Each structure stands twice: as C-alpha cells, then as structure tokens.
Novice: 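Structure below; questions to follow.
Computed from a predicted structure; not experimentally measured. Letters go in sequence order (proteins before strands), and every chain restarts at 1.
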2 protein chains.
Amino acid sequence: MTTAAVPRGGGREAITRAARESFAERGYHGSSIRDIAARAGLSLSALYHWHSGKQDLLAALIEESTEEYFRRCDEALRDAGDDPAARLGALVRATVEYRISRQVESTIAASEWRNLDPAHRERLDGMRAAATRLWADLVEDGVARGAFRCEHPGDARRAVVAACNAIAHWYEPDRGLAVPDLVDRYTAIALRVVDCR
Amino acid sequence: MTTAAVPRGGGREAITRAARESFAERGYHGSSIRDIAARAGLSLSALYHWHSGKQDLLAALIEESTEEYFRRCDEALRDAGDDPAARLGALVRATVEYRISRQVESTIAASEWRNLDPAHRERLDGMRAAATRLWADLVEDGVARGAFRCEHPGDARRAVVAACNAIAHWYEPDRGLAVPDLVDRYTAIALRVVDCR
DNA sequence: CGGAACCTATCGATCGATCGTTCACCCGGC
DNA sequence: GCCGGGTGAACGATCGATCGATAGGTTCCG
C-alpha cells in the first residue's frame with residue numbers, strides 16, 4: 001500500500017478540502033498543517049508541494065470565496081433592472097444563496113479574517129468595502145426616490161446584511177427550509193426593514 | 001524595577017484584562033499565555049497563581065459576560081409590563097446596551113465559543129438556549145395576540161437578534177452614535193421586522 | 001528502439017522556535 | 001514564622017518549515 005486514499009494527482013484539491021474542514025472546525029491557529037495533511041491522506045511534504053505554507057491555504061480559501069460573493073452581487077444587480085425593491089431583492093438573494101452554498105467558507109472568512117497577512121488583507125478589505133458600497137448605494141437610492149422610507153439608511157443596511165449573513169451560522173442544509181423559500185422570507189424582511197411601500 | 005506597572009495586589013484583574021485584550025486581538029489559539037502575562041506586567045508564573053490555566057482565562061471571560069447578558073434580559077423583561085411591543089423594545093434595549101458595554105467580550109464569545117471545554121460549554125449552551133427562548137416566546141406571543149403580523153416568527157427573531165448582535169462588530173464607542181439613540185433606531189427596526197401595527 | 005535526462009508527486013527525517021504547564025524557591029508584611 | 005504574591009528555570013510536546021531522496025512518468029536524442 002502506497003497511495004490508497006488519494007488517487008495520485010488529486011493532491012491539491014484534497015489538501016484544500018482538508019484545510020477547509022480543519023479551519024472550520026478548529027480555526028486557523030487551532031489547526032496544524034500536520035493534521036490537514038493527514039486529513040487529506042497525504043504527507044506534510046506534499047502539502048508544501050502544492051501550497052507555499054499555512055497562510056497560503058487560508059488566503060486561497062478566503063480569497064476565492066470572497067471573489068465569488070462579489071461577483072454574484074455584481075451579476076445580480078446587473079440583471080435586476082431599475083426598481084429599488086427589485087434591486088434590494090436581488091442583493092438579498094445573492095447574499096442568502098451565497099451564505100448557504102458557501103456556508104463553510106463564510107464562517108471561516110468571518111472568524112479568520114484577522115489572521116490574513118496584511119498583503120492579502122488589503123485587497124480583500126477593498127472588495128469588502130466595495131460590496132458595502134453596493135448595499136449602501138442601493139438603499140440610499142431607494143430612499144432618494146421615495147421607494148424606501150427609512151430614516152437611517154446606514155442602520156437599515158447593516159441590519160439587513162447582518163440578518164442575511166447570520167444564516168451561515170444556523171442553517172442546516174438537509175433539515176432546513178429550501179433555499180428559494182428562505183430567499184423569499186429574507187427579501188420580505190429586508191423590504192420591511194427599509195419600509196418599502 | 002520589580003513591580004512598577006502593576007500596583008501590587010491587582011494581579012488577578014491585570015491578568016484578566018490582558019487576556020481579554022489578547023483574545024480579542026489574536027483569538028484563543030493565537031494568544032500565548034506568555035504574551036498575556038507580559039501584557040499584564042507580570043511573570044508567567046503569576047498567571048498560574050491566579051488562574052488554573054489558559055482555558056480558565058477564556059472560560060471566566062465568556063462565562064461572566066454571558067451571565068450578565070442573561071441577567072440583563074431577565075431584568076428588562078421583568079420591568080417591561082405586558083405589551084408585546086414594549087417587551088420587544090426591552091429585549092432590544094438590553095441586547096444593544098450589552099453588545100456595546102461588553103463589546104470586546106461579545107466578539108470573543110462569538111468567535112471563541114468552540115474553544116471552550118465541554119464542561120464549561122454545556123452550561124453556557126443552556127443559558128444561550130434560554131435567551132433564545134426569551135426572544136422566541138416574546139415574538140410568538142406578540143403574533144398570537146395580533147400585535148405582530150409576521151408569518152415566520154422564527155426568521156423574524158433570528159433577523160432581529162443578528163442585527164443587534166452585529167453592533168459589537170462595527171460600533172466605535174468614541175465616534176459613534178450615543179447608545180440611547182442607537183437603541184431607538186434598532187427598536188424601530190425590530191418593530192418593522194415583526195410588522196407591529 | 002534504447003536509455004539518459006528530466007519532471008511530477010510524494011515521502012521520511014529533522015530543524016529551531018514556541019507552546020502550555022510545572023516546580024522549587026524567594027521576599028515582605030502581619 | 002507563616003502565608004499571600006511573586007519569580008526564573010525547566011519540562012515534554014507540538015508547531016511551521018525545510019531538506020534530500022525516490023518511485024513513476026514523459027521527453028528527447030542517437
């Protein structure tokens with residue numbers, strides 16, 4: 001028996017998956033690269049063959065999923081037309097769907113963001129700020145056009161985003177509600193928060 | 001120079017404060033007890049004189065603040081009377097005030113909960129569940145009495161709680177809004193989420 | 001066609017640093 | 001003279017990282 005678990009060649013993905021599991025269960029500093037390698041069915045050296053180190057594993061995970069969220073938001077808004085309520089619904093849908101389809105990465109990014117190297121963090125902070133801008137512009141535009149009636153757009157935005165993001169913390173894929181229904185519920189909540197007529 | 005920074009006798013509190021700072025900045029596994037002791041201006045041995053170990057530092061921090069939150073909720077509801085809207089406002093006020101007055105402990109508890117020993121966690125999970133019950137009973141009661149009109153009380157509750165809890169992640173004590181104003185804003189948001197007439 | 005050269009994917013062994021914890025000891029005040 | 005508050009040195013374990021070696025595959029040249 002030499003290579004039974006990993007079918008030779010699937011090393012990189014096996015390690016990435018193992019890192020995702022370990023970071024999710026124990027956090028960045030709580031995970032050891034030895035445990036990650038063992039979980040992947042590979043040696044410690046194989047891990048260094050595919051990645052440049054522990055930090056690289058974390059950064060790759062967070063970067064990839066953050067980029068996906070940003071891309072989903074962009075696409076959703078592009079297809080949403082002009083109506084403020086429709087645009088808010090689009091952003092809620094993108095966020096809810098993302099938090100569920102990338103539930104593990106979401107929780108990792110939320111709690112391990114601070115452990116990113118400054119080099120990685122800078123660019124990701126920029127994307128995070130850009131996403132916040134999307135939400136803020138949308139809500140402020142809705143208020144300006146009289147579609148929304150909230151006195152404090154910033155707080156309404158933070159409340160809606162927090163509610164959507166929190167889904168990653170409690171949703172159970174198998175037992176929970178179907179995703180489209182959940183999207184409907186959170187869209188309704190968001191519209192109530194901004195007091196949409 | 002022997003004990004210049006710590007005024008002799010304040011050892012326990014100095015260590016607790018240092019642990020709170022370090023856990024908040026770097027997380028549980030990212031903090032070393034050597035750094036905590038140095039931050040407190042004491043030796044590593046002094047830390048073990050006052051606490052039984054690293055886990056004890058974390059558990060004490062989370063336990064104490066979780067108990068305070070639970071106590072605040074109880075008191076708020078006891079003084080709130082019978083009206084559903086007033087009771088919801090009371091719980092929102094208790095939560096918002098707590099998240100700000102214990103901002104650091106809130107973020108620590110949120111991200112380091114999983115690092116608690118099973119022994120500590122069991123009891124705290126019970127308190128967390130009890131607090132959830134307070135919110136759930138309140139919302140369901142409001143719906144049953146016709147004061148709230150939300151179709152999905154569970155989702156409304158989760159949305160409101162998530163929004164209030166998130167305050168700990170972004171509020172800046174010196175630059176931000178005064179606490180009573182913030183309480184008012186989040187009470188209004190909560191009432192909109194449950195569609196209170 | 002044969003084999004030397006090279007590449008890819010993986011391994012075991014090991015490095016120095018740091019981790020949480022323990023222990024034996026000390027100093028000053030009641 | 002005891003005891004509360006404190007120290008420094010040391011323990012074994014584990015950490016992230018690096019090293020040289022190697023089995024199997026592919027390429028290329030004569």
Novice: Just to be sure I understand the geometry, which residues of residues 25-38 of chain A put a non-hydrogen atom under 4.0 Å away from DNA chain D?
Specialist: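 Here the set is A:Ser31, A:Ser32, A:Ile33, A:Arg34.
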Novice: Tell me if a side-chain donor or acceptor on A:Asp83 pairs with a main-chain N or O of A:Ala86 at a distance below 3.5 Å.
Specialist: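 Such a contact is found between A:Asp83 side chain and A:Ala86 backbone.
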Novice: For B:Arg26, is there any backbone N or O sitting under 3.5 Å from a side-chain donor or acceptor partner on B:Ser31?
Specialist: no
Novice: Just compare C:dA9, C:dG20, D:dT7 and give me whichever is closest to any side-chain atom of A:Trp50.
Specialist: C:dA9
Novice: Does a donor on one side chain and an acceptor on the other come within less than 3.5 Å for A:Tyr69 and A:Thr95?
Specialist: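 A:Tyr69 vs A:Thr95: donor-acceptor pair found between side chains.
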Novice: Rounded to the nearest angstrom, tell me the gap between atom CG in B:Asp56 and atom P in C:dT21.
Specialist: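 About 10 Å, once rounded to whole Å.
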Novice: Any donor and acceptor pair, going by atom type alone, linking the side chain of B:Glu105 with main-chain N or O of B:Ser65 inside 3.5 Å?
Specialist: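 Not a single qualifying donor-acceptor pair exists.
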Novice: Set out, in order, the CA-CA distance, both residues' side-chain angles and the distance that settles side chain to side chain donor-acceptor pair (under 3.5 Å) for B:Arg72 and B:Ser101, then state yes or no.
Specialist: CA-CA 12 Å; B:Arg72 282 190 189 222; B:Ser101 74; 3.0 Å; yes
Novice: Output yes when a side-chain donor or acceptor of A:Gln55 lies under 3.5 Å from a complementary backbone atom of A:Asp117, and no otherwise.
Specialist: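 Such a contact is found between A:Gln55 side chain and A:Asp117 backbone.
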Novice: Write down the distance between CG (A:Leu42) and C1' (C:dT10), rounded to a whole number of angstrom.
Specialist: 8 Å
Novice: Heavy-atom contacts under 4.0 Å between residues 110-119 of chain B and DNA chain C, which residues?
Specialist: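 Residues of residues 110-119 of chain B under 4.0 Å from DNA chain C: none.
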Novice: Quick check for you: among C:dC23, D:dG6, C:dT10, whose closest atom lies nearest to any side-chain atom of A:Ser43?
Specialist: C:dT10
Novice: In whole angstrom, what separates A:Arg12's CZ from C:dT10's P?
Specialist: 12 Å
Novice: Quick check: does any side chain N or O of B:Arg185 sit under 3.5 Å from a backbone N or O of A:Asp155, one acting as donor and the other as acceptor?
Specialist: no
Novice: Find the distance A:Leu44:CG to C:dT10:C1' and express it as a whole number of Å.
Specialist: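 Interatomic distance, CG of A:Leu44 to C1' of C:dT10: 12 Å.
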Novice: Just jot down the side chain to side chain donor-acceptor pair (under 3.5 Å) partners of A:Ser106, sequence neighbours excluded, or say none.
Specialist: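 A:Ser106 satisfies side chain to side chain donor-acceptor pair (under 3.5 Å) with A:Arg99 only.
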Novice: Does the structure place the NZ or CZ of A:Arg128 under 6.0 Å from the centre of the six-membered ring of A:Trp113, at an angle of no more than 45° from the ring's axis?
Specialist: yes
Novice: Return the value, rounded to whole Å, for the distance between atom OH of B:Tyr48 and atom C1' of C:dC25.
Specialist: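 Distance, rounded to whole Å: 19 Å.
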Novice: Output the rounded distance in Å from CG (A:Leu47) to C1' (D:dA17).
Specialist: 11 Å
Novice: It should be established whether A:His49 places a side-chain nitrogen or oxygen under 4.0 Å from OP1 or OP2 of nucleotide C:dT10.
Specialist: no
Novice: Compare the minimum distances between each of C:dG20, D:dA17, C:dA9 and the side chain of B:Lys54, then state the nucleotide with the smallest one.
Specialist: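 Output: C:dG20.
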Novice: What nucleotide, of D:dA17, D:dG8, D:dG5, holds the atom closest to the side chain of B:Ser45?
Specialist: D:dG8
